[in-house]
Structures are given as structure tokens and as C-alpha cells.
Amino acid sequence: MTAKHQPLPIDFYHRPTLELAQALLGCLLVNETPEGLASGYIVETEAYMGAGDRAAHSYGNRRTKRTEVMFAEPGRVYTYVMHTHTLINVVSGATDVPEAVLIRALDPFEGLDLISARRAGRKRMEWTNGPGKLTEALGITREDYGRKFTELPLYIAPGVVPAEISTGPRIGIENTGEARFRPWRFWVTGNPYVSR
DNA sequence: CGAGCGATGTTCT
DNA sequence: GAACATCGCTCGT
């Protein structure tokens, strides 16, 4: 089986996390499952800066079954379940530096019928405009935990370079002191699928 | 259309 | 038993 798009090489992930969070904007997130291929352009990300970041799961180098993959080399898939939804991160930072980039929104590209079916009953604008929605749209589950973004079935490929990138505080991390004000959320300026 | 809030599953203490 | 990197209702404008 060969991928429809050429996955980005592992070198792409070897860079500072704040830089990677922006470099991921405009890239294609692709999932090729037995049901078919679905993909979208990444339009919103958040950086989680590891041991010193109170909002990160790996704050204080907290190492548990869940956070274990954050300590691995960059370019791995970190999925976890939040309430009833799966969220997906790109592991960043060198080995033993537990940083990650949360993918918060996509602009749907391929497999629109499949995405529509998975997001049954929702308007197109609500298919992928949030971290829990886009995983449902692409069929991403916690089974994807630990995979490599450089190979099938779940991978990231080159897309378009955004015209402009905006920056602001992260979302949904109210109880994390000063960390909640850090401008570590990035999005493609003006894209309608950005979560807010 | 915005704020408020209940449902929900998993992980960790 | 609490905490949550959410979502999709409801009810108010």
C-alpha cells in the first residue's frame, strides 16, 4: 500500500516546538482507513511546552502511561480521550523533552462524503472546527496513539503556505495560572474553520 | 449568536 | 473521587 500524498520527512519535526506549531499550519493531515481517505488542511494549532508549562500534561516531567509518548522522539502521534472525544497532538521536542502540538482545526479537503457521514447531521462548517470534531471527521481514535506521522495510515503531507498567521492565548486551560496567557495558539488568519 | 451548563469516558491521585 | 487541551444543547438577546 502506498500513500496518496508524500508524507513529510522526519527532519520536518526536528525544530523548536513554537516553530513547528506554525510550520504545521497549511499542511495536510491525512488518514487512509479501510473506509477510505479523508484529509484536511491544518488551520489551527496550540503548542504545549513540556516540563515548564502548567497547561501541559507533561508539566514537571510528569511521566505516566498517557504522557509516555511525549518523551519519545518528535513526529509521533499523541492521542488521548477528553470527555467523549479523541484529541490529537504531534509530539515535538527531542527525546526526553516532552513537548507537543495540539491540532485544533482543519479545512476539509478530501473524502468529503466520508467526513460528512462521520459527522452525520452537522453543517459543513462544523465538521472540523474543533479538536474533538476533526478526529471524528478523519476517523482518528486512541488506537492511533504512538504511530509515526511519517507513514501510513495517519500522516502529514505538504499543503499550502498560509498567507498570514495569527497568534493568541490557548483555549480551555482556565486553571493553569500564568500559563493560560501565553500566546501559544496559532491559526491561519481569516480561515473560517478556526475554532473561535 | 453568545453565554451557560450538563453529559460523558479515561486517567491519575 | 476529582479533574479534565470538549461538544452540543438550551435559553436569552
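Quick note on labels: first sequence line is chain A, next is B, and so on, each numbered from 1.
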Residue pairs passing the salt bridge (Lys or Arg N to Asp or Glu O under 4.0 Å) test where at least one lies in residues 153-167 of chain A, sequence neighbours excluded = none

Are any side-chain N or O atoms of [X] and backbone N or O atoms of [Y], one a donor and one an acceptor, separated by less than 3.5 Å?
{"X": "A/Asn191", "Y": "A/Val188", "result": "no"}
{"X": "A/Thr79", "Y": "A/Tyr145", "result": "yes"}
{"X": "A/Asn31", "Y": "A/Leu138", "result": "yes"}
{"X": "A/Trp127", "Y": "A/Arg122", "result": "yes"}
{"X": "A/Thr86", "Y": "A/Thr135", "result": "no"}
{"X": "A/Tyr48", "Y": "A/Ser58", "result": "no"}
{"X": "A/Thr128", "Y": "A/Leu106", "result": "yes"}
{"X": "A/Glu32", "Y": "A/Lys4", "result": "yes"}

With heavy atoms under 4.0 Å as the rule, sort A/Ile173 into base, sugar-phosphate or nothing.
-> sugar-phosphate

Looking for any heavy atom pair under 4.0 Å, which part of the strands does A/Arg180 touch: base, sugar-phosphate only, or nothing?
-> nothing

Within 6.0 angstrom of A/Arg124 CZ, more than 12 heavy atoms from elsewhere | yes

Residue-phosphate contact under 4.0 Å: A/Asn89 side-chain N/O, C/dA5 OP1/OP2 | no

Give a yes/no answer on whether the side chain of A/Arg104 brings an N or O atom under 4.0 Å of OP1 or OP2 in C/dT6.
-> yes

With pairs defined as Watson-Crick or G-U wobble and both distances under 3.5 angstrom, please note down DNA chain B as a dot-bracket string, | for pairing with another strand.
-> |||||||.||||.

Could you check how far [atom1] of [X] sits from [atom2] of [N], rounded to whole Å?
{"X": "A/Lys123", "N": "B/dC1", "atom1": "NZ", "atom2": "P", "answer": "8 Å"}
{"X": "A/Leu87", "N": "C/dC7", "atom1": "CG", "atom2": "C1'", "answer": "11 Å"}
{"X": "A/Asn129", "N": "C/dG8", "atom1": "CG", "atom2": "C1'", "answer": "12 Å"}
{"X": "A/Tyr48", "N": "C/dA5", "atom1": "OH", "atom2": "C1'", "answer": "4 Å"}
{"X": "A/Met70", "N": "C/dA5", "atom1": "CE", "atom2": "P", "answer": "12 Å"}
{"X": "A/Glu44", "N": "C/dA5", "atom1": "CD", "atom2": "P", "answer": "16 Å"}
{"X": "A/Met125", "N": "C/dC7", "atom1": "CE", "atom2": "P", "answer": "14 Å"}
{"X": "A/Arg63", "N": "B/dT11", "atom1": "CZ", "atom2": "C1'", "answer": "17 Å"}

Taking N or O atoms only and anything under 3.5 Å, show me the protein contacts with nucleotides 2-4 of chain B, one pair per line.
none

Under 30°, 30 to 60°, or over 60°: which ring-plane class applies to A/His57 and A/Tyr78, parallel, tilted or perpendicular?
-> perpendicular

Distances for protein N or O near nucleotides 9-13 of chain C N or O, under 3.5 Å:
none

Taking the six-membered ring of A/Phe71, is the NZ or CZ of A/Arg76 close enough (under 6.0 Å from the centre) and on axis enough (within 45°)?
-> no

So is A/Arg147 actually on top of A/Phe149's ring, under 6.0 Å and inside 45° of the axis?
-> no

Between [Y] and [X], is there a salt bridge with N-O shorter than 4.0 Å?
{"X": "A/Asp113", "Y": "A/Arg118", "answer": "no"}
{"X": "A/Arg180", "Y": "A/Glu174", "answer": "yes"}
{"X": "A/Arg119", "Y": "A/Glu126", "answer": "no"}

Is the ring centre of A/Tyr41 less than 6.0 Å from the ring centre of A/Phe109?
-> yes

For DNA chain C, what residues of residues 183-196 of chain A have any heavy atom nearer than 4.0 Å?
-> none

Check nucleotides 7-10 of chain B for protein N or O atoms closer than 3.5 Å to its own N or O atoms and list the pairs.
| unit_1 | atom_1 | unit_2 | atom_2 | d |
| --- | --- | --- | --- | --- |
| B/dT8 | O2 | A/His83 | ND1 | 3.3 |
| B/dG9 | O4' | A/His83 | O | 3.1 |
| B/dG9 | N2 | A/His83 | N | 3.4 |
| B/dT10 | OP1 | A/Arg142 | NH2 | 3.0 |
| B/dT10 | O5' | A/Arg142 | NH1 | 3.4 |

Which listed nucleotide (C/dA5, C/dC7, B/dT11) is nearest to the side chain of A/Lys133?
-> C/dC7

